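In what follows, a single structure is set out as structure tokens and then discussed.
The figures that follow rest on heavy atoms only: side chains count, while hydrogens, waters and symmetry mates do not. Predicted model, so just to flag it, every value in this text is computed and none were measured. Residue numbering restarts at 1 for every chain, and letters A, B, ... go by the order of the sequence lines.
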There are 2 protein chains.
Amino acid sequence: MDDLAAPPAVDAETALADVPAGHKDELRLWLRLLACTTLIEGCIRRRLREQFDTTLPRFDMLAQLERAPPEGLTLGELSRRMMVSNGNITGLAARLEAEGLVERRAMQGDRRAQMLRLTLRGRREFRRQSAVHEAWVAELFQDLSAADRAALFRLLGRAKASVRAALDREEAP
Amino acid sequence: MDDLAAPPAVDAETALADVPAGHKDELRLWLRLLACTTLIEGCIRRRLREQFDTTLPRFDMLAQLERAPPEGLTLGELSRRMMVSNGNITGLAARLEAEGLVERRAMQGDRRAQMLRLTLRGRREFRRQSAVHEAWVAELFQDLSAADRAALFRLLGRAKASVRAALDREEAP
DNA sequence: CCGCGATGTTTGAAGCCTAAAGCATTCCGG
DNA sequence: CCGGAATGCTTTAGGCTTCAAACATCGCGG
């Protein structure tokens with residue numbers, strides 16, 4: 001911190017770019033993947049806060065409900081789709097309900113479950129946000145050629161398949 | 001949830017795979033990137049908890065300190081490298097210190113700052129964890145060919161550059 | 001029709017994370 | 001030397017997240 005002329009931007013992935021050796025290239029790949037995601041996610045979170053005074057989890061929940069059937073989704077289904085815990089959904093839904101963006105409705109035939117769906121206000125608000133959100137993402141990737149984007153998309157698909165396979169092996173030995 | 005024969009694994013990325021059209025392919029790319037990272041991160045968090053009773057942030061902090069100069073790092077430098085806020089570092093360092101894995105040492109010449117470094121126990125513990133951690137990552141990517149891994153690594157580098165460029169444009173209009 | 005395992009949701013405790021405000025110290029220009 | 005800007009860290013308030021335990025209800029086998 002003292003005699004380095006001009007310390008350039010150093011993040012976790014850059015800092016770990018020169019680990020000894022081994023089968024460490026998988027590790028480097030993971031760190032770069034993580035750094036990339038963190039960078040984008042941080043930008044989107046910040047803009048959601050600055051421009052819409054909201055958060056990514058709130059936005060995600062609205063997004064799930066918007067593309068759901070008109071009768072809505074149960075909290076459990078929402079939990080699965082958002083890949084977060086049940087307990088998490090409870091609080092998130094409560095906050096969005098308090099803001100008048102979603103509404104609960106008892107599910108007839110099963111008194112345990114309840115449907116959650118967008119209010120009119122929620123739908124309008126989400127549409128307003130999502131158009132801008134989509135432009136942000138496009139902007140962040142704009143220096144990547146269409147070919148690179150396509151290749152990246154395809155490779156990420158394979159990576160995901162590899163990870164899922166490993167997870168399946170784990171629970172079914 | 002009732003008449004679907006065998007609902008396959010549905011996550012955010014899969015669920016949004018059929019959005020209308022537009023320049024939505026950037027959005028799909030982002031969602032896939034996010035899904036991929038979330039999947040891996042969740043697996044690693046879970047295993048860190050199950051096998052070492054620790055968390056990813058703790059592990060990250062130890063990792064940063066392990067590859068730091070022997071005198072350690074200041075909290076501020078740690079904050080920059082881990083890409084998290086200052087306030088976050090305070091609590092994290094306090095917890096690790098309470099567990100005897102790191103130690104603070106006043107920095108001579110600047111009474112504001114303090115160096116944080118691994119204790120002997122912290123170093124041993126981290127080495128134990130990191131060897132296993134590296135194997136986990138290799139396992140998760142094992143179905144990806146070396147060529148695919150290399151290509152993915154390269155493309156992620158370009159993606160990161162694109163994002164950084166967009167962020168630079170943002171703060172210097 | 002009764003009990004009991006499965007399913008849907010909530011609660012509680014703990015940790016992570018941020019932004020913003022505050023405190024202490026250092027640095028620097030006048 | 002002195003005052004203010006800059007820097008390093010902590011605190012505070014609030015939200016997100018998880019796991020595990022608790023509750024409520026459903027569905028089914030006996």
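Residue R45(B) places no side-chain N or O under 4.0 Å from the OP1 or OP2 atom of dT17(D). OP1 and OP2 of dA24(C) both lie 4.0 Å or more from every side-chain N or O belonging to Q114(B). Taking only side-chain nitrogens and oxygens, T55(A) comes nearer than 4.0 Å to OP1 or OP2 of dC16(D).
Base engagement by N86(A) is indicated by at least one non-hydrogen atom pair under 4.0 Å involving a base atom. Contact annotation for R49(A): backbone-only contact, meaning every heavy-atom pair under 4.0 Å involves sugar-phosphate atoms and none involves a base. In this structure, G87(A) reaches the bases: a heavy-atom distance under 4.0 Å links it to at least one base atom across the strands shown.
Atoms CZ (R104(B)) and C1' (dG8(D)) sit 12 Å apart, rounded to a whole Å. With rounding to whole Å, L92(A) atom CG is found 12 Å from dG15(D) atom P. Counting to the nearest Å, the P atom of dT9(C) and the CG atom of L78(A) are 9 Å from each other. Distance CG (N88(A)) to P (dC16(D)): 8 Å, rounded to an integer number of Å. Atom-to-atom, CD of Q108(A) to P of dC26(D) comes out at 13 Å; the value is rounded to the nearest Å. Computed from coordinates, the M83(B) CE to dA19(C) P distance equals 14 Å when rounded to whole Å. Across the protein-nucleic acid pair, I89(A) atom CD1 and dG8(C) atom P stand 14 Å apart, rounded to whole Å. For the pair M61(A) CE and dC16(D) C1', the interatomic distance rounds to 12 Å; values are reported in whole Å.
Nucleotides of DNA chain C nearest to L75(A) and G91(B) differ in position, and the one nearer the 5' end is that of L75(A). Remark on DNA chain C: of its neighbouring residues S85(B) and M115(A), the 5'-side contact belongs to M115(A), judged by nearest-heavy-atom nucleotide. Mapping R46(B) and R95(A) onto DNA chain D by nearest heavy atom places R95(A) at the nucleotide closer to the 5' end.
Taking 4.0 Å as the cut-off between side-chain N and carboxylate O, E71(A) and R117(A) do not count as a salt-bridged pair. Here R169(A) does not pair with E139(B) in a salt bridge; the nearest charged N to carboxylate O distance is not below 4.0 Å. Salt-bridge formation is detected for the pair E50(B)/R46(B): a Lys NZ or Arg NE/NH1/NH2 atom is positioned less than 4.0 Å from an Asp or Glu carboxylate oxygen.
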Item to complete: Let me see the working for R81(B) and E77(B) under salt bridge (charged side-chain N to carboxylate O under 4.0 Å, His left out), right down to the final yes or no.
Response: CA-CA 6 Å; R81(B) 295 197 186 194; E77(B) 182 57 24; 2.9 Å; yes
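For R111(B) against dT25(C), no side-chain N or O and base N or O form a donor-acceptor pair under 3.5 Å. In this model, no side-chain donor or acceptor of R112(A) finds a partner on the base of dT9(C) within 3.5 Å.
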Give every donor-acceptor pair under 3.5 Å between a side-chain atom in residues 92-101 of chain A and any protein atom, sequence neighbours left out.
residue	atom	partner	partner atom	Å
E97(A)	OE1	R104(A)	NH1	3.0
E99(A)	OE2	R58(A)	NE	3.2
E99(A)	OE2	R58(A)	NH2	2.7

